[in-house]
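So the structure is just underneath, and the comments pick up after that.
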Amino acid sequence: MFVITGATGQLGSRIVRRLLTRAPAEQVVACVRDPERAAGLLAEGVDVRRGDFTDPASLAEAFKGASQVLVISVNDSGDGAVAQHRAAIDAARAAGAERILYTSHQGADADSLFAPMPDHAATERYLTTTGAPFTSLRNGFYAATVPLLLGGALETGELRAPADGPVSWTTHDDLAEAAAVLLAEEGRYEGPTPPLTAARAYDLDDVAGILTRIGGRTVRRVVVEDEDWTAGLVGHGMPAEQADLLLGMFHASRRGEFATTGSALEDLLGRPATVLPAFLEEVVPAAR
């Protein structure tokens with residue numbers, strides 16, 4: 001039995017859909033905090049169970065009978081995030097799961113300048129201490145982040161952001177399919193996978209060029225000082241702590257933390273991974 005946590009989220013919902021093409025619905029468990037949001041899956045025969053990383057008792061019930069548990073990392077950072085991951089891993093072990101999978105990141109590193117990366121590294125270290133078979137999916141940076149970085153670029157013709165570096169932006173769809181393959185085909189990877197990324201990395205200069213090509217209007221890359229950028233975010237209502245966390249992503253990319261590419265994702269997919277220009281061609285016109 002496959003248990004997928006976060007099964008109504010951006011990644012988890014896609015993984016469930018792709019897993020259902022490889023396994024019967026009765027072997028798939030959607031673990032969610034709010035079962036009402038998974039009513040559609042329930043109607044398709046998927047076992048929907050409530051499970052909350054902050055409520056270990058709920059996880060014991062949600063993971064019961066699992067042969068494999070996919071722990072999707074939380075959208076938090078810091079000690080609280082790692083504690084939640086550890087709770088889910090402990091619950092999977094207690095339930096007798098034969099393998100634990102965890103959605104990590106290509107940049108997982110204790111010394112990373114981007115706060116979520118040390119959390120991924122800490123979770124991976126914990127997995128190595130459990131003695132349980134595990135696979136840590138070193139996912140590429142989600143391409144869906146790019147539209148959030150554009151600001152008013154499509155209207156003003158200026159993509160204003162701090163200095164950055166290349167990032168191997170990778171789509172949720174491709175990463176979800178790879179996760180489904182790893183669940184259905186045991187033994188493909190033990191421990192951390194190689195980077196699961198698209199074949200090329202792009203910086204925001206590249207993004208400006210892509211926007212110019214697909215939008216028919218010149219978009220110019222403008223480098224903004226770090227402090228001015230975070231001040232602008234705070235001025236528009238973002239908490240200062242969150243603005244500083246986002247700035248860390250730029251600091252890390254400048255250092256090349258997200259520039260690595262590889263063939264592992266395409267090997268799992270059996271086809272080329274979606275590159276950023278193709279992704280933006282789909283999403284940018286809809287956003288304009």
Side-chain angles (χ1 to χ4, degrees), residues 2-23 28 30-33 37-38 40-41 46 69-77 81 85 101-108 114 116-117 119-120 123 135-150 166-184 188-189 192-202 207 210 214 246 249 253 258 260-287:
F2 307 99
V3 176
I4 314 300
T5 71
T8 53
Q10 275 204 78
L11 183 62
S13 61
R14 288 171 166 85
I15 293 172
V16 171
R17 289 294 174 196
R18 282 154 181 79
L19 186 58
L20 288 174
T21 69
R22 293 173 169 84
V28 178
C31 174
V32 296
R33 283 182 295 180
R37 293 184 58 196
L41 291 174
V46 174
V69 175
L70 173 59
V71 176
I72 294 184
S73 51
V74 300
N75 291 325
D76 251 336
S77 63
H85 299 156
L101 297 91
Y102 169 72
T103 58
S104 186
H105 196 284
Q106 70 178 101
F114 185 41
M117 300 302 104
D119 299 341
H120 287 305
T123 302
T135 301
S136 180
L137 284 67
R138 288 282 186 89
N139 287 345
F141 218 118
Y142 295 137
T145 304
V146 175
L148 304 178
L149 302 177
L150 300 184
V167 177
S168 47
W169 302 107
T170 311
T171 67
H172 279 88
D173 285 337
D174 284 351
L175 293 170
E177 188 172 339
V181 170
L182 288 170
L183 284 162
R188 293 289 292 266
Y189 288 108
T193 68
L196 301 178
T197 72
R200 181 184 162 186
Y202 297 82
V207 171
I210 296 167
I214 67 179
L246 290 176
M249 180 182 69
S253 71
F258 311 129
T260 303
T261 62
S263 63
L265 177 60
E266 295 192 344
D267 291 343
L268 288 170
L269 299 178
R271 59 169 174 81
T274 304
V275 289
L276 185 65
F279 172 77
L280 290 177
E281 283 177 1
E282 289 188 5
V283 303
V284 168

Nearest-0.5 Å distance that lies between atom CG in Leu196 and atom OG1 in Thr261: 12.0 Å

Enclosure of Arg22 CZ (heavy-atom neighbours >12, cutoff 6.0 Å): yes

Criterion side-chain hydrogen bond (donor to acceptor under 3.5 Å, both in side chains) against Glu177, the qualifying member of Arg271, Arg17, Arg14: Arg271

Value rounded to 0.5 Å, distance of OH in Tyr189 from CG in Asp267: 6.0 Å

Any side-chain heavy-atom pair of Val167 and Leu276 under 4.5 Å: no

Minimum side-chain heavy-atom gap Gln106-Ser168 below 4.5 Å: yes

Derivation and outcome, side-chain contact (heavy atoms from CB on, under 4.5 Å), residues Leu150 and Val207: CA-CA 9 Å; Leu150 300 184; Val207 171; 3.9 Å; yes

Flag if over 12 foreign heavy atoms under 6.0 Å of CZ, Arg18: yes

Contact summary for Thr171 and Asp174, nearest pair of heavy atoms: OG1-N, 3.1 Å

Leu175 side chain reached by Leu137 side chain, heavy atoms, under 4.5 Å: no

Taking every non-hydrogen atom, the tightest pair across Phe258 and Met249: CE1-O, 3.8 Å

Shortest non-hydrogen separation from Ile15 to Ala179 and the atoms involved: CD1-CB, 3.7 Å

Check: Asn139 and Leu11 side chains under 4.5 Å, non-hydrogen atoms: yes

Test item: side-chain donor near acceptor, Ser73 and Thr103, under 3.5 Å: yes

Within-4.5 Å side-chain heavy-atom neighbours: Ile210 and Val284: no

Parallel, tilted or perpendicular: ring planes of Phe141 versus Phe114, cut at 30 and 60 degrees: parallel

Test item: Thr5 side-chain N/O and Leu70 main-chain N/O as donor-acceptor pair under 3.5 Å: yes

Nearest heavy atoms of Phe279 and Thr274, plus distance in Å: N-CG2, 4.1 Å

Trace of the side-chain contact (heavy atoms from CB on, under 4.5 Å) decision for Arg37 with Val32: CA-CA 8 Å; Arg37 293 184 58 196; Val32 296; over 6 Å; no

Audit row: Leu183, Ile4, side-chain contact (heavy atoms from CB on, under 4.5 Å) steps and yes/no: CA-CA 10 Å; Leu183 284 162; Ile4 314 300; 3.5 Å; yes

